[in-house]
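Not measured: the values here are computed from a predicted model. Worth knowing before you read on, the calculation uses all heavy atoms, side chains too, and leaves out hydrogens, waters and symmetry mates. Counting starts at 1 for both ligands and their atoms, in listed order.
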Amino acid sequence: MRRYTGADVIVIGAGLAGLNAALHLQEGGARVQVLEARDHVGGRVHSMRQQGHSQEAGGTYIGAGYERITAVCARVGIELVDVTPMLAFFREQDLVLDGELIRQSEWPGHPRNVFPEPFKTRMPWNLHRVLAVQDNPLPAPERWLDPKFAGHDVSVRSWLAGLGLDEAGVRIAYDVNPSFGDHAGDVSALLLFFRAAFSVAQRRSAPDGVLGYTVENGVQRIPAAMADLLDEGVQFCQTVTAITTGNHEAEVRCASGDVHVAPHVVCALPVGVLRDVTIEPTPMALSGEALRSLASQPVTQMYFAHRSNFWDDDGYAPSMFTDGPAGMFAAARNGKNPEEVTSFTAWIMGARAKRLASLPEEDGVRAVLGAIESVRPAAKGKLEYLGHKAWGKDPCAKGAWAYFKPGQIAKFGATMSQSHGRIHFCGEHLARTARGMEGTMESGERAAREIISM
Ligand SMILES: Cc1cc2nc3c(=O)[nH]c(=O)nc-3n(C[C@H](O)[C@H](O)[C@H](O)COP(=O)(O)OP(=O)(O)OC[C@H]3O[C@@H](n4cnc5c(N)ncnc54)[C@H](O)[C@@H]3O)c2cc1C
């Protein structure tokens, strides 16, 4: 066992939250030691090389108004690539319900379209997003934690029912490929309002005509460049198993047997992982309950190369939004030419991702490929499996992102980020004013400020 002292702050987790906290603390004059379980930084920002392009398994899209992310890129000299021309093509996808392939143009008059009359022209993948903007009670994203809006912390199902959707309509509007939870009864409408309010707010500070960016050769270059700015670097392969907070210092234990001691700890672990870390004394009351009960979304991505442009043969869009095992089967456009499809990713969410993750890999691939080929005979033999990433099965992530069930935001949303003795928490699940990578950065900044102000 080795015992390390000398740092002012130990930061656990070298994702964007931990790295941003570490940088702010270092700039505030603290000596910071970052501990990371993996052998690389970035966490849920993870870029892979595939077929000469970078393929993102995690955070990809940087809203043009993500001020913290764009500022850090400017600081470390990472040039952002404007993806606005690519995004236009993401609207081109067809719908698959119950094995039937439906063109967007057929949807408004299609017998399966059970949306109320005013919503019939909306596609299932964007109706709830449009309504979350139009029907949003939040004047600003940060107000989602204001008790004044707690009455909106109801299920997405009851919110949509209030807008006139029946049970079948809710199923098509939300449950086909849910970003949060397994179905509309499982997630708070207030979370969708927060996401929508942030999406609108960040666009206000975006340059004219630019919707978003990504990073050439991989978004993972951002956390890598942030880590390079740290005087003490990052200690890799340090899986933290326990944190004890005492009167004068906190102690962090690793699976390796090493023990790190410092006056303060920033814990930037994903919530699903944090549940398995022993914290002494145990966080009580609402923050303890939040830790035990906040859910993480299982998401599996399966990557495919195409041997030919099968969509030219059948005349449908390359991408499909399906209610089957292939989930959202999306054409990736990671090259210079926005028109060029570079590969495909099947995004499988929620309960379907859990089922898929329980299968042996070969069976999972067969199920997904079989589902694509049965609705798209033109794709038969044209897709080659490249690999997959199951975020729910990753022991360092235990899910792609956290989500709040109905009632949870009002109950512990505002208090769950409170420090516990000498431990300060941050991470994607504790973002208060922003979402995605931007919210993650904000949470790290907040944790650093808490310590600096002491
Ligand atoms: C599939 C997917 C797509 C996404 N797309 C977007 C997008 O397009 N735009 C956007 O803005 N956001 C997106 N996000 C969200 C964004 O990537 C995350 O919110 C953000 O990267 C989370 O950062 P974090 O620092 O909170 O957590 P993480 O990045 O998970 O960092 C936590 C770190 O802790 C480490 N760790 C885990 N266990 C231990 C342990 N026991 N001891 C020590 N270290 C440990 C992990 O290895 C990791 O490095 C996406 C996420 C996913 C998964």
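Nearest-heavy-atom check against atom 32 (C) of ligand 1 across A431, G43, A397, A268 picks out A268. For atom 28 (P) of ligand 1, the candidate residues are E36, Q297, R38, R44; the nearest heavy-atom contact is made by R44. Between atom 12 (N) of ligand 1 and the options K389, M441, M437, the minimum heavy-atom separation is to M437. The option with the heavy atom closest to atom 42 (N) of ligand 1, from among T440, V240, V271, is V240.
By the salt bridge (Lys or Arg N to Asp or Glu O under 4.0 Å) test, R449 is found to be paired with E445, residues two or more places apart in sequence or in another chain being considered.
Taking any N or O of Y61, backbone or side chain, at least one lies under 3.5 Å from an N or O belonging to ligand 1. Among the atoms of I12, none of the N or O lies under 3.5 angstrom from an N or O of ligand 1. For ligand 1, the polar-atom distance check finds no N/O of T239 at less than 3.5 Å from any of the ligand's N/O atoms. In terms of polar-atom proximity, P395 is not counted as a contact of ligand 1, lacking any N or O under 3.5 Å from an N or O of the ligand. For the pair P270 and ligand 1, the shortest N or O to N or O distance does not fall below 3.5 Å.
Within the structure, ligand 1 has L269 among the residues with a heavy atom less than 4.0 angstrom away. In this structure, G42 counts as a contact residue of ligand 1, since one of its heavy atoms falls inside 4.0 Å of the ligand. The shell of residues lying under 4.0 angstrom from ligand 1, judged by heavy atoms, excludes C254.
Evaluated for a salt bridge (charged side-chain N to carboxylate O under 4.0 Å, His left out) with D182, the options R355, K354, K405 yield exactly one hit, K354.
Donor-acceptor pairing under 3.5 Å is lacking for the side chains of S188 and Q408.
Judged as a salt bridge (charged side-chain N to carboxylate O under 4.0 Å, His left out), the pairs with a partner in residues 390-404 (not counting sequence neighbours) are, in order, R38-D394, D276-K398, K389-D394.
Contact of the L291 side chain with the E289 side chain is not registered, since no non-hydrogen atoms from C-beta on lie closer than 4.5 Å. Looking at V72 and Y66, their side chains never come closer than 4.5 Å, going by heavy atoms from C-beta outward.
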